[in-house]
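We're numbering straight along the sequence, starting at 1. This is a predicted model, so every value here is computed, not measured.
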Amino acid sequence: NTFHKEITAFENQFVERLKKLENPQVMEKLRMPKLQFALHDTIKEYAKADDEGTKEELIDLLIDRLKVNEHSTEQYLIDKSIKILPNLSLAQTYFLGVLTLRKTTKQGLSFLADRDLAKRAMLYEYLNEIKTLDIQYLKLVNCCSDMPGTKYYIPILNSMKSNYDLLFRHHIT
């Protein structure tokens, strides 16, 4: 019964979003087996998700999936995201957003930082919850790799003590 309620909730939200599109070509894409598999994966992940925000994001991803061209990089990314998103915590997704924003801002797309600044500030709220284990998990699911900003850093004093052990064994006169 619970699963049936989840499917019904998904159907209602998805159909409502499809009505807003008013694009018959997008509706025709739903007949394709590839998109039916994407729909099936989305429903499955939607039913497993506990968070309403994640459920909405899954529907957004499926709508975006209907809009992109087949066999494009965007299509592959969306298909993979549908499967990965429910397995990430809110803090982990925000962390990935911060990494992406940081990387694109360095590449000269600073307009991303200026637009919707209040929304983007939310990304930084949960960064203090990210631990080394979170980063290792994100690497395991291929969401990030070793790069500046994802490595664990130790305080400089601890680094100095371990690197120059002989110097710090005894107090200096």
Notebook entry, point to check: Can a donor-acceptor pair be found between the side chains of Ser72 and Asn69 at a distance below 3.5 Å?
Noted result: no

Margin query: Taking the basic N atoms (NZ, or NE/NH1/NH2) and the acidic carboxylate oxygens, is any pair closer than 4.0 Å for Glu70 and Arg65?
Written below: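 Between Arg65 and Glu70 there is a salt bridge, with a charged N closer than 4.0 Å to a carboxylate O.
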
Next item on the list: Using a strict cut-off of less than 4.0 Å between a Lys/Arg side-chain nitrogen and an Asp/Glu carboxylate oxygen, indicate whether Glu6 and Lys48 qualify as a salt bridge.
Entry: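 Salt bridge: no.
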
Any donor-acceptor pair under 3.5 Å linking the side chain of [X] with the backbone of [Y]?
| X | Y | value |
| --- | --- | --- |
| Gln92 | Leu138 | no |
| Lys83 | Glu45 | no |
| Glu57 | Gly53 | no |
| Lys29 | Leu66 | yes |

Note to self: Is any side-chain heavy atom of His71 closer than 4.5 Å to one of Tyr76?
What the structure shows: yes

Check: Are any of the side-chain heavy atoms of Leu30 and Leu18 separated by less than 4.5 Å?
Finding: yes

Which heavy atom of [X] sits nearest a heavy atom of [Y], and at what distance?
| X | Y | result |
| --- | --- | --- |
| Leu58 | Pro86 | CD1-CG, 4.0 Å |
| Glu129 | Ala91 | OE1-CB, 3.8 Å |
| Phe3 | Ala47 | CE1-CB, 3.4 Å |

Note to self: Pair Thr42, Leu61 - check side chain to side chain contact (heavy atoms under 4.5 Å, CB included), show working.
What the structure shows: CA-CA 9 Å; Thr42 307; Leu61 282 170; over 6 Å; no

Notebook entry, point to check: According to a 4.5 Å side-chain heavy-atom criterion applied to Ile, Leu, Val, Met, Phe, Trp and Tyr, with indirect links allowed, do Ile63 and Leu77 form part of one hydrophobic cluster?
Noted result: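 Different hydrophobic clusters.
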
Next item on the list: Determine the sole option in Ile82, Leu62, Ile59 for which the side-chain contact (heavy atoms from CB on, under 4.5 Å) test with Tyr46 is passed.
Entry: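 Only one of Ile82, Leu62, Ile59 forms a side-chain contact (heavy atoms from CB on, under 4.5 Å) with Tyr46, namely Ile59.
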
Next item on the list: Evaluate the salt bridge (Lys or Arg N to Asp or Glu O under 4.0 Å) criterion for residues Lys34 and Asp79: first the C-alpha distance (whole Å), next the side-chain angles of each, then the deciding distance (0.1 Å), finally the verdict.
Entry: CA-CA 10 Å; Lys34 203 172 203 178; Asp79 286 345; over 6 Å; no

